[in-house]
Amino acid sequence: MELDKHYSPQQVEDKWYSYWMDNGFFDSTPDEREPYTIVMPPPNVTGVLHMGHMLNNTIQDVLIRKARMEGKNACWVPGTDHASIATEAKVVKMLAEKGIKKSDITREEFLGYAWEWKNKYGGIILEQLKKLGASCDWKRTRFTMEEDLSNAVIDVFIKMYKDGLIYRGTKIVNWDPAGKTTLSDEEVIYKENNSNLYYVTYLFTEQTKKTFNNEIGGLQVATTRPETIMGDVAICVNPNDERYKELIGKTVIVPVVNRVVKVIADEYIDIEFGTGCLKVTPAHDENDYKIGEKYNLEIIDVLDDDGKIHERAGAYVGMDRFACRKQIVKDLEEQGLITKTEQIKNTVGHSERTDAVIEKKISTQWFVNMQDYMKRYPQVLSDVMNDEISFHPSKFKNVYKHWLDNIKDWNISRQLWWGQRIPAWYDEKGNYVVAKTEAEAHALFNNNAYKAPLADNSNLIERHTNQDTQNVQHSTDEGHINTLRNLTQDADVLDTWFSSWLWPISVFDGLKEGDKKDYQYYYPTNDLVTGPDIIFFWVARMVMAGYALNGQKPFSNVYFTGIVRDKLRRKMSKSLGNSPEPMDLIAKFGADGVRMGMLLSSPAGNDILFDETNVEQGRNFCNKIWNAYRLIAGWQIVKDEAVSADIIASNALANQWFEMKYQTAVNDILQAFEDYKLSEALMTIYKLIWDDFCSWYLEMVKPVYGEPINESTLTQAKNNLEKVLTLLHPFMPFITEELYHVLYEGQPTKPMIVNAYPKMDNSIASIDDRALQIITEIRNIRNNKGLSPKVAFEVIIKTEQEAIYKAWETTIGKLANVSAILYNAAKPEKCLTTLIGTDEIFIPFAEAIDEAAEMKKMQEELTYLEGFLKSVDAKLNNDRFVSNAKPDVIEKEKQKRADALEKIEKLKHSLTQNNN
RNA sequence: GGGGGCUUAGCUCAGCUGGUUCAGAGCAUCUGCCUUACAAGCAGAGGGUCACUGGUUCGAACCCAGUAGCCCCCA
């Protein structure tokens, strides 16, 4: 059979993926074996695969495949996230394209469209992962909004509410005017911005003027947000600010609305910033809100949910907030009330999902009480700090700690429809209960177990009545319900992360009544592989959920991948067009090549600078392996008796030598896995295969052209190929499975995917291979002198350990084209000299030898060695070194000294001989 | 403003608890080869004052302090 020179991944990848699937190798059910579990960070259900997913899932697949080969019960659970905001935004956009406005349809209708959309596009991403070779247990695929998982979310909400960890409160929150929902602090991205700082004059009231004898007419207030002037309820200065001491307690007039407000004093004010006067707008700034609370100021929210000016503002009503800013500036300028405009850099919060500028807003929402949470479950922090849950790389422990030390309450309600609806029920007066069903809610009301409405939830009630009166569903359950009250369920849904944080538990139905066999077997999971960007969103919260819901950690190790960037360090993004299409890459280079390309350049936690040449390297590596197989497959076989004893012995030695290289590599690789240094592990395999296996071992045992190979050598070569393929399989599953099968004519004892992974072994005998240096030495000489490899050399070795070289004679002859090796013969007249250890090697070389150059080379080496010796001697003669250094260090130094002395002597000897 | 991290060959990065036969790897570069497994290849080579300054030490890429530059997170 003629094999192509190039490996074609396309022909084999689909075949093996189906084979693995059809034979159930990815499936896992609890048994007596040790489990090894990974839950996939669920991608957005309507997302498409990007390079970050590729990296992330490649790493997970490497880990899971290795565990499977080690005989563990490997279980990798895939799934998708409903991604509340992102998905809802997509559906809204899709509907808008059809001419349907969300506000014109009911919640049920909207959800109908959303599910339709989800069923159509959902899960494409998982199909794409299959192309990558991901060996997930697809039968376990979960979705965060499927019935069981949603139930778990609701149950957890109710439990935490009862436990006092969840409360309803009125606070200043983040408002996304594009998504029309509140956001948690984590969903707000602060970006640096060039802003105008306007110096606005607030005129004094007549009374205030009098105290200043009418000499001063007003004060200057610096603001970047003049459109919130209508919400100003005070001016605040620092009590230590000499400039304004007189003003404290006096009144000034807010421009535009001519509201009379007081000047108050608080240490919080930065004297240096602007004019040192702050306009206090409690509805639109967190710090102003705090001041407002402290001094009991009125709250005037001038914006509506769209970010337009609300009627409450009393001016510019209906205008967009940014248009309004421009208009107010223009109007105030005309009135001469803006005295100065300054360019400054400040940071402005944007919505993570919609990128809209966030507004701070007073609102009644549901929160998780984090301070309390951490008091109850201190392991959330301590178990990460003491490596009970171990972070790779560990530097993220600091980030984690810092966040938890400064944690704030988590706003979990979202004004959306796509998600788990909050199980809270309100009566007409706004009294509320938390209950799973309307019937239970009625029961609670009837027992008077409800809470009174919060002071400031008028907005919310308004919203409920507007949106939901038409679709309140009354339970018809048995008619026991006291329907005197007309109950309405909370219109809001829960933050997506409020379901994701249960993921490692809920995918095994750990929160569901009934059979917990899977949960008990697989949980806690072993490794989590994710990006550092969701360390707070997700990683920290899974740890929280783990300890709160069952007192157990969710996983033992967290591997933080880097962010995939292009080679100019820019983030990959659609708008920049610098992100390759993963499916195209796989089609072009093969999944194995892409996997290797991603892994090679991505040590844990470092950003990966994606460059297609990395993937090319991966593809080339596949080709190299393919050709190693072609070589072995092409040999003609003869019985051992048919070849010379020398060859048999030489090949046996080569095999031993490779065994040593192999086991050393295995030990290094397993250690690298322990340390979660996957790219290092892969690099070690790469070098083992390319250098040790192909360049050395195969060249050693390769018969001269046209000659056959003896049976035992072929068997060894095949075994060795199998070994390196096995080692490589977790990284490059397709080519290794393919070659393993063809190597054994389609009849391997078991498929590669479950072939046993090698183990640590430190007992392997070391083979003295210093004789091989002669090969490199001679190749180097040929290169330097421009000699063809066809010209054979003789070599004279001056040594007391002939055996070391004798064993390798055949190999040296073959790889360096050496015709004869003489031991301890006289040094020829004309020759090149080199040292291997302390043995002298002479290579007779009649033509055009540059004596002077040779001498110079030797002289240089001598100088170096003498300098080296000097430094070693200096140490050994230093009493403080001898008394302070560890014994083995001193021993090493002594050995260095002895070696150097011997070499120096030999060099001197050669130099004097040449001089004669 | 607060916190964390980084700075080692042209590029991307390894260098554990300080001991110069440890300054290393891959890629890139250069030289010579189409040697019937592989030019997606073979053989060989050249690249670094380990950011800077000072300190600790018998000894510093590694520990400490300061300086400069870069990055990330938080407010």
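Chain A is the first sequence line, chain B the second, and so forth, proteins listed ahead of strands; every chain is numbered from 1.
- Annotation: salt bridge (charged side-chain N to carboxylate O under 4.0 Å, His left out) contacts involving residues 681-696 of chain A, sequence neighbours excluded, are absent.
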## Note on the structure
RNA chain B in dot-bracket form (Watson-Crick or G-U pairs under 3.5 Å, [ ] crossing, | inter-strand) is (((((((..((((.....[....)))).(((((.......))))).....(((((..]....)))))))))))).

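- Of the residues A:Thr561, A:Asn557, A:Asp675, the one that meets the side-chain hydrogen bond (donor to acceptor under 3.5 Å, both in side chains) test with A:His392 is A:Asn557.
- The side-chain hydrogen bond (donor to acceptor under 3.5 Å, both in side chains) test with A:Asn174 is passed by exactly one of A:Thr182, A:Asp185, A:Asn411: A:Asp185.
- Atom CD in A:Glu905 sits 7.5 Å away from atom CD in A:Glu902 (nearest 0.5 Å).
- Taking syn as a glycosidic angle within 90° of 0, B:G10 does not qualify and is anti.
- Test A:Trp403, A:Trp410, A:Trp538 against A:Glu186 for side-chain hydrogen bond (donor to acceptor under 3.5 Å, both in side chains) and you get one pass: A:Trp403.
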### Query
For every nucleotide of nucleotides 27-40 of chain B, 5' to 3': is a protein heavy atom under 4.0 Å from its base (B), only from its sugar-phosphate (S), or from neither (-)?
S--------BBBSB

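- B:A23 and B:G48 have their C1' atoms separated by 8 Å, given to the nearest Å.
- No close placement of the A:Phe589 and A:Phe621 rings is indicated, their centers lying 6.0 Å or farther apart.
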### Summary
Letter by letter from the 5' end, nucleotides 69-75 of chain B scores (B base, S sugar-phosphate only, - none; protein heavy atoms under 4.0 Å) ----SSB

Nucleotides 15-17 of chain B: which of its N/O atoms have a protein N/O under 3.5 Å away?
unit_1 : atom_1 : unit_2   : atom_2 : d
B:G15  : OP1    : A:Lys677 : NZ     : 2.9

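- Around CD of A:Glu293, the count of heavy atoms belonging to other residues, nucleotides or ligands within 6.0 Å exceeds 12.
- As rounded to the nearest Å, B:A43 and B:G59 have P atoms that lie 44 Å from one another.
- Taking atom C1' on both nucleotides, B:G10 is separated from B:G66 by 31 Å, rounded to a whole Å.
- Aromatic pair A:Phe391/A:Phe396: ring centres not closer than 6.0 Å.
- Distance check, rounded to the nearest 0.5 Å: CD1 of A:Ile291 to CD1 of A:Ile269 gives 4.5 Å.
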Using a cutoff of under 3.5 Å, can you pull out all pairs of nitrogen or oxygen atoms linking the protein to nucleotides 58-60 of chain B, with atom names and distances?
unit_1 : atom_1 : unit_2   : atom_2 : d
B:C58  : OP1    : A:Arg880 : NE     : 2.9
B:C58  : OP1    : A:Arg880 : NH1    : 3.4
B:C58  : OP1    : A:Arg880 : NH2    : 2.1
B:C58  : OP2    : A:Arg880 : NH2    : 3.2
B:C58  : O2'    : A:Asn878 : ND2    : 3.1

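- Here the straight-line distance linking atom OG of A:Ser679 with atom CE of A:Met598 works out to 12.0 Å at 0.5 Å rounding.
- Taking the ring centre of A:Tyr662 as origin, the terminal cationic atom of A:Lys723 falls inside the region bounded by 6.0 Å and 45° from the ring axis.
- Dashed line: the shortest gap from a side-chain N or O of A:Asn784 to OP1 or OP2 of B:A45 is not under 4.0 Å.
- Note that CD of A:Glu777 and CG of A:Leu832 are 9.5 Å apart. Values are rounded to the nearest 0.5 Å.
- To the nearest 0.5 Å, the span separating CG on A:Leu739 from CZ on A:Phe734 amounts to 13.5 Å.
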